[in-house]
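Heavy-atom basis, side chains included; hydrogens, waters and symmetry copies ignored.
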Amino acid sequence: MPGQDTAQLGIDVGGTQVKWALTADGKVVRTGEEPTARQGGNALVDQLGGLVDRVGGEVDVVGLAMPGLVDTVRRETLFVPNLPGDWDRCPVAERVEERVAGVRVRLLNDARAFGHGELRLGAGRGAADALFMTVGTGVGGALARDGDIVVRAVDRVPELGHLTVDPHGERCGCGAVGCLETVASASALVGRCARAVLTGQSAALRRLSGGSLARLTARMCAEAADEGDPWALDAFARVGGFIGTAAANACVLLQTPVVVIGGGLAGAFHHIAPAAERVLAERAAIIGPVSFRKAELGSHAGAVGAALFARTSPNSARIQRRSDPKDNAGDHTSSIASSHTSSIASSHMSDNATNHAEN
């Protein structure tokens with residue numbers, strides 16, 4: 001069965017970094033990263049092919065995690081934010097295969113890859129039903145049902161960043177008003193803290209940024225909060241409250257007793273968690289007790305998850321066909337089953353998730 005007894009390579013493509021993880025027997029062997037090619041789609045495909053050649057070794061299957069909207073059956077990108085090039089119906093997996101003979105490439109959304117890694121080897125281990133949320137430049141998500149990450153053909157499940165949590169808030173890039181991304185992403189956090197720099201209300205933020213709004217980062221906001229700066233602490237509490245609201249709403253619908261938070265802002269989990277947990281506790285009569293957890297796999301979680309996703313043969317996945325008016329080929333809901341129980345080596349369980357924050 002392809003990919004089961006050999007090494008697998010997982011690649012997570014971000015706007016600034018391409019991260020990779022080599023796995024074997026459900027364990028992480030090596031990880032690495034390199035700057036993302038910014039010259040367009042062809043340059044990125046060439047980069048991915050070269051990466052497989054250099055680090056793949058005897059790999060015969062690759063998991064490729066891409067941002068945005070992807071078709072996991074046709075193995076095409078439909079919409080990719082923050083990467084130059086034409087990604088509309090781009091057969092990116094097939095194009096990588098053309099550059100590397102004998103390798104099969106499986107495509108999935110980057111947030112679902114994150115969830116897959118955390119479910120198998122990270123903070124979601126042992127959970128049958130769980131919600132995974134990546135909070136960085138934007139907000140993404142993944143859903144585990146009956147021990148498997150839900151992956152659909154046109155992979156929209158679940159787009160947590162576009163849950164409405166502030167109906168009178170700002171307009172999101174998707175066109176809607178008050179999406180979670182507008183109030184709980186790293187970008188939203190920096191935007192709120194920028195007001196304190198501009199008005200001089202936070203000495204810590206002003207000192208860390210040198211008084212420059214252009215230099216202010218989520219990492220600086222976290223440092224200010226660590227120093228006890230009231231404005232930064234309030235900004236993180238606001239982020240945590242909205243994350244808790246979104247998680248609680250999802251739990252009302254899905255009854256998931258575990259919520260795992262990763263991505264860049266997970267590095268400031270201790271500032272986010274109290275407000276989020278208060279909101280979840282307030283809804284406990286409806287949703288039951290919810291364990292709110294920090295992701296464990298660090299900035300390579302998506303690459304690890306992509307490798308583990310690739311390791312699972314399509315023949316072992318449960319495929320349910322559904323009619324989808326937006327896709328003449330039909331829609332497929334795939335719960336990717338896996339029996340990986342190995343734990344990741346401690347060297348790969350870095351808490352330095354803030355590096356992933358700003359990618």
Is there a side-chain contact between Val165 and Cys179 (heavy atoms, below 4.5 Å)? no

Looking at Val139, is its backbone amide N or carbonyl O close enough to the side chain of Glu181 to form a donor-acceptor pair, meaning the two atoms are under 3.5 Å apart? yes

Walk me through it: do Arg120 and Asp148 pass the test salt bridge (Lys or Arg N to Asp or Glu O under 4.0 Å)? CA-CA 9 Å; Arg120 298 300 173 213; Asp148 305 321; 3.4 Å; yes

Kindly give the heavy-atom pair with the smallest separation between Leu163 and Ala246, and that separation in Å. CD1-O, 3.8 Å

Okay, side chain of Thr164, backbone of Pro167: is any donor-acceptor separation there less than 3.5 Å? no

Classify the ring geometry between His271 and Phe236 as parallel (under 30°), tilted (30 to 60°) or perpendicular (over 60°). tilted

If I compare all heavy atoms of Val183 with all of Val239, which pair ends up nearest, and what's the gap? O-CG2, 3.8 Å

Say whether, by atom type as modelled, one donor and one acceptor occur between the side chain of His300 and the main chain of Ala21 under 3.5 angstrom. no

Under 3.5 Å, side chain of Asn109 to main-chain N/O of Gly68, donor-acceptor pair present? yes

Atom of Leu189, atom of Ala235 and distance for their closest heavy-atom approach: CD1-CB, 3.7 Å

Qualifying residue, where the test is side chain to side chain donor-acceptor pair (under 3.5 Å) with Glu34 and the options are Arg54, Lys19, Gln17: Arg54

Would you say the side-chain atoms of Thr23 pair up with the backbone N or O of Gly26, donor to acceptor, closer than 3.5 Å? no

Is the side chain of Thr36 donor-acceptor paired with the backbone N or O of Gly14 at a distance under 3.5 Å, no angle test? yes

Step by step, would you call Val52 with Val105 a side-chain contact (heavy atoms from CB on, under 4.5 Å)? CA-CA 10 Å; Val52 175; Val105 178; over 6 Å; no

If you round to the nearest 0.5 Å, how far is CH2 of Trp231 from CD of Gln201? 4.0 Å

Which heavy atom in Arg112 sits nearest to a heavy atom in Leu108, and how many Å separate them? C-CD1, 4.0 Å

For Ala37, does its backbone N or O pair with a side-chain atom of Gln47 as donor and acceptor, under 3.5 Å? yes

Mark yes or no for whether Ser202, through its side chain, and Pro230, through its backbone, hold a donor-acceptor pair below 3.5 Å. no

Quick one: do the Glu170 and Thr182 side chains pair a donor with an acceptor below 3.5 Å? no

When you measure from the side chain of Arg283 to the backbone N and O of Ile287, does any donor-acceptor pair fall under 3.5 Å? no

Glu118 (side chain) donor-acceptor with Phe114 (main chain) under 3.5 angstrom: no

Tightest non-hydrogen contact, residues Ala237 and Ala275, listed as O-CB, 3.3 Å

Candidate pair Arg30 and Trp20, rule side-chain contact (heavy atoms from CB on, under 4.5 Å), full reasoning: CA-CA 8 Å; Arg30 273 193 301 152; Trp20 57 268; 3.9 Å; yes

Give a yes or no on whether a salt bridge exists between Glu97 and Arg75, defined as a side-chain N under 4.0 angstrom from a carboxylate O. yes

So, Asp129 versus Thr256: side-chain donor-acceptor pair below 3.5 Å or not? no

If only side-chain N and O atoms count, and only distance matters, is there a donor-acceptor pair under 3.5 Å linking Arg293 with Ser291? yes

Of all the heavy-atom pairs spanning Ala196 and Leu205, show the shortest one and how long it is. CB-CD1, 4.0 Å

Do Asp46 and Leu44 touch side chain to side chain, with heavy atoms closer than 4.5 Å? no

Apply salt bridge (Lys or Arg N to Asp or Glu O under 4.0 Å) to residues Glu94 and Arg99 and explain how you reach the verdict. CA-CA 9 Å; Glu94 182 179 316; Arg99 285 160 172 77; over 6 Å; no

